[in-house]
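Comments concern the structure below.
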Amino acid sequence: MNLSERDAKVVWHPYTQMLTADLPVAIVRGEGAYLYDEQGNAYLDAIASWWTNTHGHAHPHLASAISRQAQTLEHCIFAGFTHAPAVELAERLLAKLPNNQARVFYSDNGSTAVEVALKMTFQYWHNQGKPRRRVLAFENAYHGDTFGAMSVGDRSPFSAPFNPFLFEVSFLPLPTRDNFEAVKQVLLQHLQTEDVASFIFEPLVQGTAGMLIYEPALLDEIIRLCHEYGTLAIADEVMTGFGRTGKLFANEYLSEQIDLVCLSKGLTGGFMPLGITTCTTRIYEAFLSEDRYKTFFHGHSYTGNPLACAVALASLDLVDLPAFSANIARISAQHEAFAKRLAGHAKVKEIRHLGTIIAVEIDAGNTSYFNSLRDRLYQFFLQRFLLMRPLGNVVYLLPPYCITDSDLERCYTAIVESLEICV
Ligand SMILES: *Cc1c(COP(=O)(O)O)cnc(C)c1O
């Protein structure tokens with residue numbers, strides 16, 4: 001039995017209907033933008049392995065950082081104890097985030113980074129004796145798969161089995177120039193209850209929704225109104241962080257101050273699971289008290305894991321090199337040229353582009369994730385050894401920044417060809 005066949009007997013995969021799924025592709029090694037399978041086929045990882053990889057697979061600088069750290073300190077408890085990788089990472093990240101961000105709280109992944117932010121904001125109000133019970137989020141939002149993170153995400157066929165157990169959230173339509181006055185009215189109705197603890201959003205790009213892009217000026221205005229009513233703004237930068245949108249963080253497009261930031265995915269360059277929630281001094285201070293019950297009682301066994309912190313630091317070394325922003329600018333320019341090339345294509349409903357992200361929404365009538373078009377597109381690309389996972393009728397690229405121009409061209413050509421199989 002090869003690895004794929006052995007897998008099929010014992011493993012349960014995420015987001016996979018195990019009854020009908022093809023055998024998984026067994027990857028034996030990665031290098032740069034490529035993943036190699038058992039037979040030696042090279043797959044171009046055009047979606048950075050679920051949006052995590054930034055500098056390429058098995059990057060030697062990151063690999064050796066983990067190796068060195070593993071031989072020094074692999075892990076230790078993070079309550080009552082600390083270590084250099086966690087301290088240094090907090091220092092270096094805070095220097096890159098908006099300067100009102102003052103404290104770093106560690107967890108394991110994007111969903112936990114969101115859970116931590118939500119719990120911090122609820123307890124921020126609780127500790128002041130002014131409990132607030134509501135969260136505001138955007139329609140079509142995705143913030144993760146744990147219960148709190150699911151609660152602030154869109155109610156969809158994916159969440160249906162769990163909907164009865166999710167806490168109630170007020171959803172706002174994604175703002176456009178056309179609907180903005182109406183969105184503001186809905187927003188104000190919620191804010192005026194003075195019961196809205198926080199507003200959580202994916203800044204500028206709603207990833208899972210199909211790379212929906214919206215204007216920073218409209219988001220700024222929403223945050224400004226939130227602040228008028230004390231509502232805290234949580235920027236979920238789990239996907240947008242570390243250069244995805246063209247700037248290091250999407251919040252750099254905003255003028256309004258945000259109160260909390262959630263990071264994961266690109267944080268470790270895609271090497272290790274790690275989540276970070278940062279907050280302002282004002283939020284942090286709401287937990288400082290002689291009263292022990294005002295403590296933030298949250299933690300995970302692997303909080304602040306030294307291996308994950310060490311590789312995140314190594315990733316920041318690369319972020320600081322000129323090649324990092326040069327690559328992002330190069331990919332963005334290529335995407336833009338492709339968008340122009342594709343504009344007006346009969347099968348294309350919309351092309352959305354920001355930084356290293358480009359999404360082509362195919363005009364396919366009434367489609368959803370469950371429509372067979374999505375599966376046919378996935379197979380179409382896979383047969384060409386391109387790893388792409390269309391979101392319903394939205395084909396997108398979100399590559400590691402080391403991807404070459406000729407590999408980008410391979411993706412663009414395949415996208416154009418794929419439009420032919422769309423009826
Ligand atoms: C992926 C994602 C999450 C969840 O992160 P996980 O590490 O998969 O739990 C949260 N928010 C956003 C915006 C994401 O894209």
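Just so you know, ligand 1 is whichever comes first in the structure, and atom 1 is the first atom listed for that ligand. In this chain, numbering begins with 1 at the start of the sequence shown.
Applying the 4.0 Å criterion to heavy atoms of Gly110 picks out, from ligand 1, the atoms 4 (C), 5 (O), 6 (P), 7 (O), 9 (O). If you number the atoms of ligand 1 from 1 as listed, the ones under 4.0 Å from a heavy atom of Trp51 come out as 15 (O). Contact atoms of ligand 1 toward Ser111: 4 (C), 5 (O), 6 (P), 9 (O) (distance under 4.0 Å to a heavy atom of the residue). Interface of Gly144 with ligand 1, defined as ligand atoms under 4.0 Å from a residue heavy atom, comprises 4 (C), 10 (C). With ligand atoms numbered from 1 in the order given, ligand 1 contributes 15 (O) to contacts under 4.0 Å with heavy atoms of Met239. Remark: ligand 1 atoms within the under-4.0 Å shell around heavy atoms of Glu202 are 13 (C).
The pair Glu237-Lys265 does not count as a salt bridge, with every side-chain nitrogen at least 4.0 angstrom from each carboxylate oxygen. For the pair Arg224 and Glu256, the salt-bridge criterion is not met [side-chain N within less than 4.0 Å of a carboxylate O].
For the pair Arg244 and Phe242, the cation does not sit on the ring face, since its NZ or CZ is not both under 6.0 Å from the ring centre and inside 45° of the axis. Under the 6.0 Å distance and 45° angle rule, Arg384 counts as a cation-pi partner of Phe380.
Between Tyr43 and Tyr36, the distance from one ring center to the other does not fall under 6.0 angstrom. A distance below 6.0 Å separates the ring centres of His298 and His300.
Looking from atom 14 (C) of ligand 1 to the surrounding protein, the closest heavy atom is Lys265 NZ, 3.0 Å.
Protein non-hydrogen atoms do reach within 4.0 Å of atom 6 (P) of ligand 1.
Ligand 1 has an N or O atom lying under 3.5 Å from an N or O atom of Asp236, backbone or side chain.
Between atom CG of residue Leu391 and atom CD of residue Gln206 there is a gap of 12.0 Å, rounded to the nearest 0.5 Å.
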